[in-house]
Amino acid sequence: MVMNRFFHFLVGPELLWLCFYLLVLVIIKASGSPVKSMDGFWESTAWFVPLLLIPLTFMLYYAPGVIRDWMLLRIWIVGLVGGHYVLSKSLAAYTEQGPGIGTAYIMGMGLLFFLLIAGSIWAKLKF
């Protein structure tokens, strides 16, 4: 009974963001970043991390076996913390660190925050 309840809490937004963070680490290790040819990819993570992961995180409301108690709070915490770690790690792999990459991080976190607000409104209206 305890293991079953633990499994329900394990399958949630934290696992999704942890998997994506580990994916970023694997890509960095495999490409030997910082590499100039990967700069476009790393810069684009400021866009596609929020646009991909926030909707996927909110789609966990539809997943069977996911406990919805405190789900919105969990999504917000892991969205902000996980978003910071994923974006900072991926943008740190950019070859030329400067104000452009800092701006990309701020833009990515701003987009993430906006999508969290929009997703929260959707979740409250739908569930």
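Note: hydrogens, waters and symmetry copies are ignored here, and every other heavy atom, side chains too, is used.
- Listed by first and then second residue, the side-chain hydrogen bond (donor to acceptor under 3.5 Å, both in side chains) pairs involving residues 18-28 amount to none (not counting sequence neighbours).
- Here the CG-CE distance, from L16 to M59, works out to 12.0 Å after rounding to the nearest 0.5 Å.
- Residues R74 and G12 come closest through the heavy atom pair NH2-CA, 3.8 Å.
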If you look only at distance, which donor and acceptor atoms sit under 3.5 Å apart when one is on a side chain in residues 80-89 and the other is two or more places apart or in another chain?
from : atom 1 : to   : atom 2 : distance (Å)
H84  : ND1    : Y105 : OH     : 2.7
S88  : OG     : H84  : O      : 2.8
S88  : OG     : Y85  : O      : 3.3

- Item | Audit row: M38, I27, side-chain contact (heavy atoms from CB on, under 4.5 Å) steps and yes/no | CA-CA 10 Å; M38 292 286 291; I27 293 171; 4.0 Å; yes
Sequence neighbours left out, cut at 3.5 Å: what donor-acceptor pairs do the side chains of residues 92-104 make with other protein atoms?
from : atom 1 : to  : atom 2 : distance (Å)
T95  : OG1    : D39 : OD1    : 3.3
T95  : OG1    : D39 : OD2    : 2.5
E96  : OE2    : K36 : NZ     : 2.9
Q97  : NE2    : L91 : O      : 3.0
Q97  : NE2    : A92 : O      : 3.4
Q97  : NE2    : Y94 : O      : 2.9
T103 : OG1    : P99 : O      : 2.8

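- For the salt bridge (charged side-chain N to carboxylate O under 4.0 Å, His left out) condition, no pair includes a residue of residues 42-54, sequence neighbours left out.
- Note that CZ of F20 and OG1 of T57 are 10.5 Å apart. Values are rounded to the nearest 0.5 Å.
- Judged by distance alone, the side chain of R68 and the main-chain N or O of Y61 form a donor-acceptor pair under 3.5 Å.
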Please set out all donor-acceptor pairs under 3.5 angstrom arising from side-chain atoms of residues 108-127, sequence neighbours excluded.
from : atom 1 : to   : atom 2 : distance (Å)
S120 : OG     : W76  : NE1    : 2.5
S120 : OG     : L116 : O      : 2.7

Return a table of donor-acceptor pairs under 3.5 angstrom between the side chains of residues 44-53 and protein atoms on other chains or two or more places apart.
from : atom 1 : to  : atom 2 : distance (Å)
S44  : OG     : G40 : O      : 3.4
S44  : OG     : F41 : O      : 2.7
T45  : OG1    : W42 : O      : 2.5
T45  : OG1    : S90 : OG     : 3.1

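- A continuous path of hydrophobic side-chain contacts links I54 to Y62 [ILVMFWY only; heavy atoms under 4.5 Å].
- Residues passing the side chain to side chain contact (heavy atoms under 4.5 Å, CB included) test with L22 are L18, L25, sequence neighbours excluded.
- Closest approach of P13 to V78, counting heavy atoms only: CB-CG1, 3.5 Å.
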